[in-house]
There are 2 protein chains.
Amino acid sequence: MKIGVLAKQVGITVETIRYYESEGLLHPALRDPANNYRRYDHSHLERLIFIRRCRTLAMTHNEIKILLQARVEPDASCETINELIDEHIHHVQARMAELQILETQLIELRSQCRAAHTTRDCGILRELDHPIEESSEAQPEHSHVPGSQCRIERH
Amino acid sequence: MKIGVLAKQVGITVETIRYYESEGLLHPALRDPANNYRRYDHSHLERLIFIRRCRTLAMTHNEIKILLQARVEPDASCETINELIDEHIHHVQARMAELQILETQLIELRSQCRAAHTTRDCGILRELDHPIEESSEAQPEHSHVPGSQCRIERH
DNA sequence: TCTTGACCCTAAAGCAGCTTCAGGGTGTTT
DNA sequence: AAACACCCTGAAGCTGCTTTAGGGTCAAGA
Ligand SMILES: [Zn+2]
Ligand SMILES: [Zn+2]
Ligand SMILES: [Zn+2]
Ligand SMILES: [Zn+2]
């Protein structure tokens with residue numbers, strides 16, 4: 001099948017497929033000698049579905065590569081996989097904890113202004129003007145396995 | 001004061017300060033005619049503290065710019081500010097909800113493999129091979145105020 | 001005085017995971 | 001033959017910085 005058909009089957013764009021190929025997630029497709037178009041078969045479809053499933057679970061390309069590697073080594077132990085998923089669950093939980101703290105702080109901030117008035121007297125602006133109070137809790141310096149790092153976005 | 005002193009006062013790097021200037025968050029500093037070094041005063045310090053406070057609350061540059069604008073218009077209504085904070089709280093809550101769903105799915109996935117065995121028989125890989133089940137809930141197509149968009153990272 | 005080290009400057013690239021754009025072929029239909 | 005859908009590559013854009021490269025400035029010590 002051509003790239004457009006594959007894209008529709010998986011529910012992604014052709015650009016994303018080409019990007020995955022350039023990233024080494026998807027094996028380069030065979031090319032039609034006549035026009036240089038990429039040709040895909042069922043194994044590509046399956047691999048792409050796997051990749052997308054991992055992406056909707058917010059795994060990074062690095063994490064996915066490790067799983068893909070395990071997938072083609074049927075005789076290896078799946079320890080690695082279990083550990084990777086466990087670690088990734090931690091990534092998600094850690095990010096949620098951060099966001100919960102954020103939410104609390106934001107709601108407190110919001111409570112500083114209940115009636116609408118001029119910005120001169122706005123409690124929100126006033127609170128934002130103060131420096132950040134250190135929570136005095138040292139950052140745990142999370143030790144990631146180098147090569148499968150994931151951060152669940154901390155913009 | 002010079003940029004290095006300012007950076008230490010605020011607790012960020014000089015590169016970040018220069019970046020904020022290039023982004024239009026911080027007004028360009030006066031330059032020492034002798035050596036072209038940036039010179040800052042107290043108002044820069046206050047503005048930077050404000051910016052950092054907003055950043056630790058995960059606001060985007062766009063959101064911060066709106067607040068900064070309100071800050072220099074003391075006679076305007078603070079309606080805008082309240083709405084922006086409310087919206088931003090929604091950003092955080094929406095992202096948390098996404099992560100909670102993720103966590104549930106990941107824990108379910110993890111439960112597919114309790115004993116270590118070969119990847120051939122790994123329930124995790126098996127489940128990842130299946131296509132994504134649509135939760136059939138149409139995405140709410142959140143209507144953002146154009147110009148203050150924020151996404152709390154959805155990598 | 002010369003040199004070392006701390007500090008300052010700019011411009012550009014890198015990170016993650018794509019999306020979008022520019023510029024140009026291919027292939028089928030009307 | 002023109003229109004339109006589809007394919008190709010390479011590069012830039014997005015976000016919020018960090019890092020690197022390459023090069024001035026300035027104080028103090030040898
Ligand atoms: Zn992860
Ligand atoms: Zn207010
Ligand atoms: Zn927001
Ligand atoms: Zn297993």
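Order of the sequence lines sets the chain letters (A, B, ...), proteins ahead of strands, with each chain counted from 1. Excluded from the calculations below are hydrogen atoms, water molecules and symmetry mates; all remaining heavy atoms, backbone and side chain alike, are included.
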Asks: Counting just side-chain N and O atoms, does A:Thr16 come under 4.0 Å of either OP1 or OP2 of C:dG17?
Replies: no

Asks: If we ignore hydrogens and angles and just use 3.5 Å, is the side chain of B:Thr60 paired with the main-chain N or O of B:Glu63 as donor and acceptor?
Replies: yes

Asks: Please state how far atom OH in A:Tyr19 lies from atom P in C:dT19, giving the value in whole angstrom units.
Replies: 10 Å

Asks: From C:dC18, C:dC9, D:dG16, pick the nucleotide closest to the side chain of A:Arg55?
Replies: C:dC18

Asks: Starting at atom CG of B:Leu48, determine the distance to atom P of D:dG16, rounded to an integer number of angstrom.
Replies: 16 Å

Asks: Got a donor-acceptor contact below 3.5 angstrom from the B:Asp41 side chain to the B:His44 backbone?
Replies: yes

Asks: Closer to the 5' end of DNA chain C via nearest nucleotide, is it A:Glu15 or B:Arg31?
Replies: B:Arg31

Asks: Choosing from C:dG17, D:dT9, C:dC18, which nucleotide comes nearest the side chain of A:Thr60?
Replies: C:dG17

Asks: Quick one: is C:dC9 close enough that its OP1 or OP2 comes under 4.0 Å of any side-chain N or O from B:Arg38?
Replies: yes

Asks: Is B:Arg53 reaching over with its side chain to a backbone N or O of B:Thr56, donor-acceptor style, under 3.5 angstrom?
Replies: no

Asks: Taking CD from A:Glu23 and C1' from C:dG14, how many angstroms apart are they, rounded to a whole number?
Replies: 13 Å

Asks: Could you tell me whether the side chain of A:Arg47 and the main chain of A:Leu25 form a donor-acceptor pair under 3.5 Å?
Replies: yes

Asks: Nearest to the side chain of A:Arg18 - C:dG17, D:dC7, D:dT18?
Replies: D:dC7

Asks: Salt-bridged, B:Asp129 to A:Arg71, with N to O below 4.0 Å?
Replies: yes

Asks: Give each protein N/O atom lying under 3.5 Å from an N/O atom of nucleotides 23-27 of chain C, with the pair distance.
Replies:
{"residue": "C:dG25", "atom": "N2", "partner": "A:Tyr37", "partner atom": "OH", "Å": "3.2"}
{"residue": "C:dT26", "atom": "O4'", "partner": "A:Tyr37", "partner atom": "OH", "Å": "3.2"}
{"residue": "C:dG27", "atom": "OP1", "partner": "A:Asn35", "partner atom": "ND2", "Å": "3.0"}

Asks: Could you check which of D:dC17, D:dC8, C:dT19 has an atom nearest any side-chain atom of A:Asn36?
Replies: D:dC8

Asks: Quick check on A:Leu30: does its CG atom have over 12 non-hydrogen neighbours (other residues, nucleotides or ligands) under 6.0 Å away?
Replies: no

Asks: Taking any heavy-atom pair under 4.0 Å as a contact, classify A:Arg39: base, sugar-phosphate, or nothing.
Replies: nothing

